[in-house]
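All values below come from the heavy atoms of this structure, side chains included, with hydrogens, waters and symmetry mates left out. Just so we're on the same page: letters track the sequence lines, and every chain starts at 1.
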Number of protein chains: 2
Amino acid sequence: MEPADRPDQGSAHSVPAGGEHGPRWLTDDERDAWMPLIGVLIKLPAALDAQLQRDSGLSHFEYMVLSRLSEAPERTLRMSDLAVLANGSLSRLSHVVTRLERRGWVRREACAEDGRYTNAVLSGEGWAKVTATAPGHVAAVRQFVVDALSPEQIGQLREIAQTIMSRVVPGDDWLAGLPHPARR
Amino acid sequence: MEPADRPDQGSAHSVPAGGEHGPRWLTDDERDAWMPLIGVLIKLPAALDAQLQRDSGLSHFEYMVLSRLSEAPERTLRMSDLAVLANGSLSRLSHVVTRLERRGWVRREACAEDGRYTNAVLSGEGWAKVTATAPGHVAAVRQFVVDALSPEQIGQLREIAQTIMSRVVPGDDWLAGLPHPARR
DNA sequence: AAAAATGACTTGACGCTTCAACTATTTACC
DNA sequence: GGTAAATAGTTGAAGCGTCAAGTCATTTTT
């Protein structure tokens with residue numbers, strides 16, 4: 001976290017003086033939560049990616065795209081909506097959809113009403129790919145997270161994660177996961 | 001998570017039959033925790049990277065490297081130890097140290113006793129860089145996470161994160177954050 | 001005392017993400 | 001109605017991370 005004032009010290013950390021306006025370092029308790037959280041932020045996505053890559057040849061983001069489409073009405077979403085739902089930028093999505101299109105799992109369709117919009121549509125093969133991939137991915141999510149925690153912890157995790165998201169993404173666009181009225 | 005059986009449904013999800021050995025989908029409660037966690041996994045690192053990049057021109061990984069070195073005895077660590085401490089691969093670290101070396105914040109030193117080992121050493125400028133960067137980064141960590149949670153939640157987060165890490169990294173190498181005897 | 005195996009890195013190529021610039025379409029304004 | 005502004009999306013270049021291969025030093029084997 002912070003550079004050590006005394007490089008050869010153990011794990012004790014300086015406590016801020018009351019009146020000082022300088023940086024407030026983390027307390028030991030805070031550090032004990034923050035350090036493993038950093039680990040989760042780095043290693044959990046890598047583990048999920050590894051499972052998907054190994055078993056299905058998909059990145060987590062690609063899986064998210066296919067999965068979101070599979071849950072959408074008519075298996076169709078606007079590129080910009082899909083980007084938000086998949087937690088990615090429009091540019092990233094555009095590149096990924098190009099690759100998914102090449103693999104035959106998604107196709108683009110121009111919107112008739114408004115030529116600016118492009119719809120991404122999940123193909124039959126794409127649907128088959130998602131349904132084949134989902135069970136293994138859910139199993140990984142259970143193995144790494146869900147089955148490791150008690151029901152109380154699941155509730156705590158929901159609160160904590162929602163709170164963090166409300167700070168990280170001020171505009172509450174992170175409600176992305178929830179169903180929303182289809183716009184077409 | 002899983003493809004919808006009925007594409008036009010809302011948020012209700014199928015519950016597995018007792019005897020079936022097929023995939024166990026997430027329950028609503030589990031999904032309510034998992035969805036925002038995905039958001040955190042994607043958006044929190046991006047937010048931390050953005051703060052560091054904007055205010056200091058460092059990636060989070062680069063900051064971790066400098067920070068770990070600043071806390072180490074003699075501001076020196078073996079490449080392989082540093083890689084574990086910074087939650088990265090040795091290859092990634094090697095590339096990053098090359099860049100940090102070019103910027104004058106780190107230098108490599110061959111180990112005299114065993115020529116296979118390379119030590120990374122934080123320079124004076126590197127120390128200055130970390131101490132200048134740390135306050136802003138800690139402030140971001142407080143803003144996004146620590147100050148947003150109650151003390152109870154900090155404790156819950158520690159338990160949850162440690163539990164997940166124990167599942168993700170079976171070998172308990174993720175204790176990386178803790179001080180450990182220097183080997184030289 | 002070679003030869004082989006292990007360990008600690010380094011390097012280069014490839015793929016993916018980001019960023020900025022660009023195209024195309026629709027809406028707003030005068 | 002024509003120009004400007006806004007919206008939606010695409011594209012190419014640059015940078016970073018990963019993977020596989022390679023280097024060099026030490027240890028083990030025979």
Side-chain angles (χ1 to χ4, degrees), chain A residues 41-54 57-66 76-103 106-121 173 183-184, chain B residues 41-43 45-54 57-65 76-103 106-121 173 183-184:
Chain A
L41 293 178
I42 296 171
K43 295 292 174 57
L44 181 52
L48 294 170
D49 265 323
Q51 180 273 322
L52 282 168
Q53 199 67 56
R54 177 167 40 78
L58 289 173
S59 71
H60 187 253
F61 185 70
E62 290 172 326
Y63 175 75
M64 288 276 277
V65 168
L66 298 179
T76 298
L77 284 169
R78 275 193 205 158
M79 292 292 284
S80 32
D81 290 345
L82 181 52
V84 173
L85 287 168
N87 282 303
S89 69
L90 189 52
S91 171
R92 181 181 187 181
L93 178 65
S94 184
H95 285 295
V96 166
V97 165
T98 300
R99 298 193 285 266
L100 293 176
E101 232 175 346
R102 269 201 291 266
R103 302 217 249 172
V106 173
R107 66 176 178 280
R108 283 183 234 242
E109 281 180 3
C111 180
E113 292 95 335
D114 190 330
R116 288 172 301 184
Y117 301 144
T118 303
N119 287 319
V121 186
D173 302 335
R183 290 169 271 155
R184 306 177 67 243
Chain B
L41 294 178
I42 296 170
K43 295 291 174 59
L48 294 170
D49 264 324
Q51 181 274 322
L52 282 168
Q53 198 66 56
R54 177 167 40 77
L58 290 174
S59 71
H60 187 253
F61 185 70
E62 289 172 326
Y63 175 73
M64 289 275 278
V65 168
T76 298
L77 284 169
R78 274 193 205 156
M79 292 292 285
S80 32
D81 291 345
L82 182 52
V84 174
L85 287 168
N87 282 302
S89 69
L90 189 52
S91 171
R92 181 181 187 181
L93 178 65
S94 184
H95 285 296
V96 165
V97 166
T98 300
R99 297 193 285 267
L100 293 176
E101 233 176 345
R102 267 202 290 269
R103 301 216 250 171
V106 172
R107 66 175 178 279
R108 283 182 234 242
E109 281 180 3
C111 181
E113 292 94 337
D114 190 330
R116 288 172 298 186
Y117 301 143
T118 303
N119 287 320
V121 186
D173 302 334
R183 289 168 272 156
R184 306 177 66 242

Looking only at D/dG9, C/dC9, C/dA8, the nucleotide nearest the A/Thr118 side chain is D/dG9
Rounded to the nearest angstrom, tell me the gap between atom CE in B/Met79 and atom P in D/dA25.
17 Å
Nearest whole angstrom, please: distance from the P of C/dG15 to the CD of A/Gln53.
12 Å
With 3.5 Å as the limit, what N/O pairs link the protein to nucleotides 21-23 of chain D?
none

For the pair made of CG in A/Leu90 and P in C/dC19, what is the distance, rounded to whole Å?
14 Å
Kindly point out which of D/dT18, C/dT10, D/dA8 is positioned nearest to the side chain of B/Ser89?
D/dT18
In whole Å, I'd like the distance from the CG atom of A/Leu82 to the C1' atom of D/dG9.
13 Å
Mind calculating the distance between CD (B/Glu113) and P (D/dT27) to the nearest angstrom?
12 Å
Taking the side chain as every heavy atom from C-beta outward, state whether A/Ser94 and A/Arg108 have any pair of such atoms under 4.5 Å apart.
yes
Between the side-chain atoms of A/Ser91 and the base atoms of C/dC19, is any donor-acceptor pair under 3.5 Å?
yes
Do any of residues 93-100 of chain A sit with a heavy atom less than 4.0 Å from DNA chain C, and if so which?
A/His95, A/Val96, A/Arg99
Between atom CG in B/Asp114 and atom C1' in C/dA8, what is the gap in whole Å?
8 Å
